[in-house]
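Right, one structure below, let's go through it.
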Amino acid sequence: MLEERPLTACPSCGGEIDLTYADVGDTVICVVCGAELRVLSLDPPDVEEIEA
Ligand SMILES: [Zn+2]
């Protein structure tokens with residue numbers, strides 16, 4: 001595969017999180033469950049759920 005996208009799983013629902021346009025420290029929203037996630041790392045891609 002030539003095009004590798006940084007993908008990880010939502011810690012809340014297991015849905016796919018695309019970090020292609022994210023940076024470390026950014027907040028991304030899970031498109032599946034709406035959870036707010038903080039980007040911990042891009043290599044490997046990792047996120048944590050932000051406690052509301
Ligand atoms: Zn989710």
Side-chain angles (χ1 to χ4, degrees):
M1 188 185 290
L2 292 176
E3 184 178 340
E4 271 192 56
R5 290 190 302 152
L7 295 174
T8 189
C10 173
S12 180
C13 73
E16 194 172 80
I17 306 295
D18 185 346
L19 297 179
T20 302
Y21 301 108
D23 284 315
V24 173
D26 278 0
T27 299
V28 297
I29 305 295
C30 174
V31 296
V32 179
C33 72
E36 282 190 76
L37 309 170
R38 180 179 296 114
V39 181
L40 298 178
S41 168
L42 292 176
D43 186 20
D46 193 21
V47 296
E48 68 172 0
E49 189 168 8
I50 298 174
E51 308 258 345

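Treat the numbers as computed from the prediction; the structure is a model and nothing was measured. As the structure lists them, so they are numbered: ligands from 1, and atoms in each ligand from 1.
When hydrophobic side chains of Ile, Leu, Val, Met, Phe, Trp and Tyr are connected at separations under 4.5 Å, V32 ends up clustered with V31.
In terms of heavy-atom proximity, S41 sits nearest to P44 at OG-O, 2.8 Å. Closest approach of L42 and P6 over heavy atoms only: O-CB, 4.4 Å.
Going from atom SG of C10 over to atom CG of L37 covers 5.0 Å, rounded to the nearest 0.5 Å.
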Can you give each donor-acceptor pair under 3.5 Å made by side-chain atoms of residues 12-29, sequence neighbours left out, with the distance rounded to 0.1 Å?
residue : atom : partner : partner atom : Å
D18     : OD1  : T20     : N            : 2.8
D18     : OD1  : T20     : OG1          : 2.4
D18     : OD2  : R5      : NH1          : 2.5
D26     : OD2  : D23     : N            : 2.9

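Only protein atoms were considered; those of element N, O or S under 2.8 Å from the Zn ion (ligand 1) number 4.
Partners of E48 according to the side chain to side chain donor-acceptor pair (under 3.5 Å) rule, which considers only residues two or more places apart in sequence or in another chain, are R38.
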